[in-house]
Amino acid sequence: MPKTDNEKGYVEIVNGRYKPRGVFHIPEANQPIFNKDTGKLAGITNPRDMTYIHSYGGEAIFFESLSKGKLIASQCNNEKCESCKSIFMPFRIFCPDCLRKNKAFDLTSIAKKTAKIHSFIITYRSGAFNTLKLPIKFINVEFDGVCTILMSYLSYGDPKIGMRVVPIFKTKNPTYTIIDLSFVPEGTAESNLPEGFTF
Amino acid sequence: MIKFSDKQLKIPHLSRPVYLVTAGMSKFDRAFPETRTEELTIQAFTAASDFLKMTPADLKKYIHTCYYGHFADHFGDQLLGESVIHDRLGLDPLGNIGVKTGGATGGSTLWEAVKAVASGYSDCTLAMGWERMDEVPTDEGNHLIAAAADKDWETPLGHIYTGYYAVMAQRYWKIFGKEEDSFRDTMAEIAVKNRGYARMNPHAQGPMKITIDDVKNSPIVAYPLRALDCCLMSVGAACCIVADEKTAYELTPNPLRVWVGAGSHTLRVADRRNMEIPLLPNETPEMYKNFGEKYPGGDRYPGFTGFLAARIAAYYAYNMTGVVNPVEDLDVIELHDAFTISDIQTYEDIGLRPYGQGREYIESGDAYLKDPKTGKRGKLPSNLCGGLIGCMHAVGATGLMQVAEVAYHLWNRWDEIHEPKEKWKAFGREKPSDWESLQVPGAKRGLAISHAGVGSHVTASILMHPDHLLKEE
């Protein structure tokens with residue numbers, strides 16, 4: 001059963017605790033499953049309408065920065081670590097080697113100048129709850145000086161390995177999820193960006 | 001980590017020998033709308049006791065602890081599903097624990113069961129695995145599988161796991177396959193082989209008599225992968241029972257030695273740092289000199305083209321058991337052929353061929369029981385049960401089914417499991433008029449690879465006839 005805007009569930013943090021308000025789940029009746037050939041009862045449906053409340057923790061800066069047009073990586077600055085100066089994208093809160101807290105590193109300008117496609121795949125199928133337009137053009141993006149590769153999607157044009165791409169950000173009505181970040185081929189006109197996205 | 005310490009590369013040691021005494025499996029199918037999971041696990045357990053010519057009740061008297069592989073609780077809306085099965089198998093009050101490592105769950109479950117015996121905690125353990133993926137609509141199933149990717153960085157991208165996996169196939173296809181028609185044919189040949197072998201297996205869900213063109217003309221799932229390049233989605237159960245030497249010989253005159261090695265790597269496929277290739281016993285650093293020149297774009301290891309977890313699992317397992325050249329030292333192998341192209345990648349990770357040359361394992365005929373082109377016997381037949389492409393991929397059961405299938409060859413009892421017309425009939429399946437035995441003659445040693453998704457977990461289980469060990473202990 002669809003929810004109205006007034007019925008949607010929201011969560012805030014007050015005094016360090018989650019405070020949910022609104023409607024989070026609407027009970028639906030179970031339905032019996034009969035074998036049409038034998039007429040016998042085989043089972044029952046168990047509809048569920050669940051909401052998970054999830055903390056981004058130390059990665060929140062990454063997801064919030066997308067809404068401001070920034071791509072924030074992280075960097076190990078522990079000079080005693082064999083991975084010192086390694087830049088991580090996906091953002092890692094802690095260095096995977098020394099387990100010291102990484103520093104935020106603004107990768108936006110490097111991404112605009114050096115991002116290119118490492119691999120890609122186009123899929124015409126999706127799972128439940130998908131909000132991306134089909135077909136989805138998955139791309140994996142390399143950045144100069146970054147020791148890892150980032151999974152994302154191409155919003156315009158056709159992907160090729162080695163293609164230069166630039167990041168775009170959903171700065172209008174952001175979802176605060178990874179889908180607020182996308183890429184387009186270098187040289188794409190702003191008029192070809194999907195709704196809500198900016199360079 | 002991108003560098004490994006000597007302590008991390010220590011060869012694992014079992015404190016006492018461990019033996020596989022029996023194994024069993026249920027029928028596998030896409031859905032069992034009128035069968036509960038416990039019925040499938042009891043079918044598998046009963047098959048294991050039948051194999052020893054014992055009653056289930058008598059076999060249960062030997063079991064001391066239980067290890068249950070069941071990956072996807074959320075598919076069944078039932079937490080502690082392991083406890084449900086444990087209760088229905090009538091094994092309370094024995095200690096039990098659930099194991100979840102994605103597609104490698106079956107292999108990991110055996111890993112735990114073996115260690116419990118090796119340590120002396122138990123003399124006999126049950127490793128039972130199952131999966132139930134038919135009880136949600138397909139799009140919700142796709143979402144639930146995609147939840148095995150990173151929920152913040154990947155899952156919101158389409159909620160479709162294939163997308164996270166197929167980028168590796170694309171990269172391998174371009175760098176090592178060079179987008180050649182001949183490579184595409186070799187990929188298709190794997191699907192033809194495995195679905196063809198599945199025709200001789202009454203447990204198998206996806207037997208097909210097909211051609212390379214059939215595979216190449218099947219619908220695109222995610223280019224270059226087509227529908228017939230992909231594994232099945234299945235429901236079913238499988239189990240293995242392992243024991244110490246004394247108990248094993250009480251149960252059977254023919255137990256097999258068993259070892260399991262395990263490795264891991266990030267579940268975010270893109271989030272892999274570069275490192276040197278860890279070498280297997282049959283490799284030298286010289287083999288990979290100038291690798292990037294030979295395969296432009298292939299100099300990033302493991303990059304998207306190798307599975308570090310499989311390489312490390314093989315490293316531990318081979319060195320534990322004395323395997324130097326797997327093609328020469330082993331007689332039969334079961335691989336995790338989730339996709340035709342990932343099967344080729346695994347040939348390289350586990351040293352059947354050097355990196356970049358995996359296709360040659362198929363093209364040489366080594367992967368066949370009998371090479372259809374030459375009629376010659378292959379050196380190391382793979383996936384004679386049909387594999388994940390032809391037999392099943394009931395996630396928690398898969399790795400255990402693979403070990404069972406290898407064991408049936410080593411016990412020289414493969415026909416007994418796959419031939420009886422009564423079983424074909426009981427499973428509602430028609431036995432092919434051209435049914436033939438796929439028993440590997442004289443098989444003494446085998447390997448099964450159990451693999452999770454984009455390579456987050458991999459186990460390598462090695463079985464050997466006790467009179468044909470490779471390493472003195």
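Nothing here was measured: the structure is a model prediction, and the numbers come from that model. As a basis for the values below, the full set of heavy atoms in this structure was taken, side chains included, without hydrogen atoms, waters or symmetry mates. Letters go in sequence order (proteins before strands), and every chain restarts at 1.
Contact detail for A:Ser119 and B:Gln170: the closest heavy-atom pair is OG-CB, 3.5 Å. When all heavy atoms of A:Tyr52 and B:Lys151 are compared, the closest pair comes out as CB-NZ, 4.4 Å. Shortest non-hydrogen contact noted between A:Ile121 and B:Ala166 is CG1-CB, 3.4 Å. Between A:Ala42 and B:Pro33, the shortest heavy-atom distance links the atoms CB-O, 3.8 Å.
Looking at A:Ser83, only its side chain comes within 4.5 Å of chain B, counting heavy atoms on both sides. The parts of A:Leu150 that come within reach of chain B are both its backbone and its side chain, each placing non-hydrogen atoms under 4.5 angstrom from that chain. Interface residue A:His118: backbone and side-chain heavy atoms are both found under 4.5 Å from chain B. For B:Tyr164, the parts lying under 4.5 angstrom from a heavy atom of chain A are both the backbone and the side chain. Heavy atoms of B:Arg272 lying under 4.5 Å from chain A belong exclusively to its backbone.
Interface check for chain B: of the options A:Phe88, A:Tyr153, A:Tyr124, A:Phe120, the most heavy-atom pairs under 4.5 Å are formed by A:Phe120. Listed options B:Glu135, B:Met168, B:Arg268, B:Glu140 were ranked by heavy-atom pairs under 4.5 angstrom with chain A; first place goes to B:Arg268. Ranked by non-hydrogen atom pairs under 4.5 Å with chain A, the options B:Thr155, B:Ile145, B:Ile160 are led by B:Ile160.
Counting only N and O atoms by type, the side chains of B:His143 and A:Asn130 include no donor and acceptor under 3.5 Å apart. Side-chain atoms of A:Ser86 and B:Arg273 include no donor-acceptor pair closer than 3.5 Å.
A distance-only check finds no donor-acceptor pair linking the side chain of A:Thr123 to the backbone of B:Ala222 [under 3.5 Å].
Here A:Phe63 pairs with A:Tyr56, B:Trp153 under the ring-ring contact (aromatic ring centres under 6.0 Å, His included) rule; sequence neighbours left out.
A salt bridge links B:Asp271 with A:Arg92; the closest basic N to acidic carboxylate O contact falls under 4.0 Å.
For A:Arg125, the CZ atom is loosely surrounded, since the number of other residues' heavy atoms within 6.0 Å does not exceed 12.
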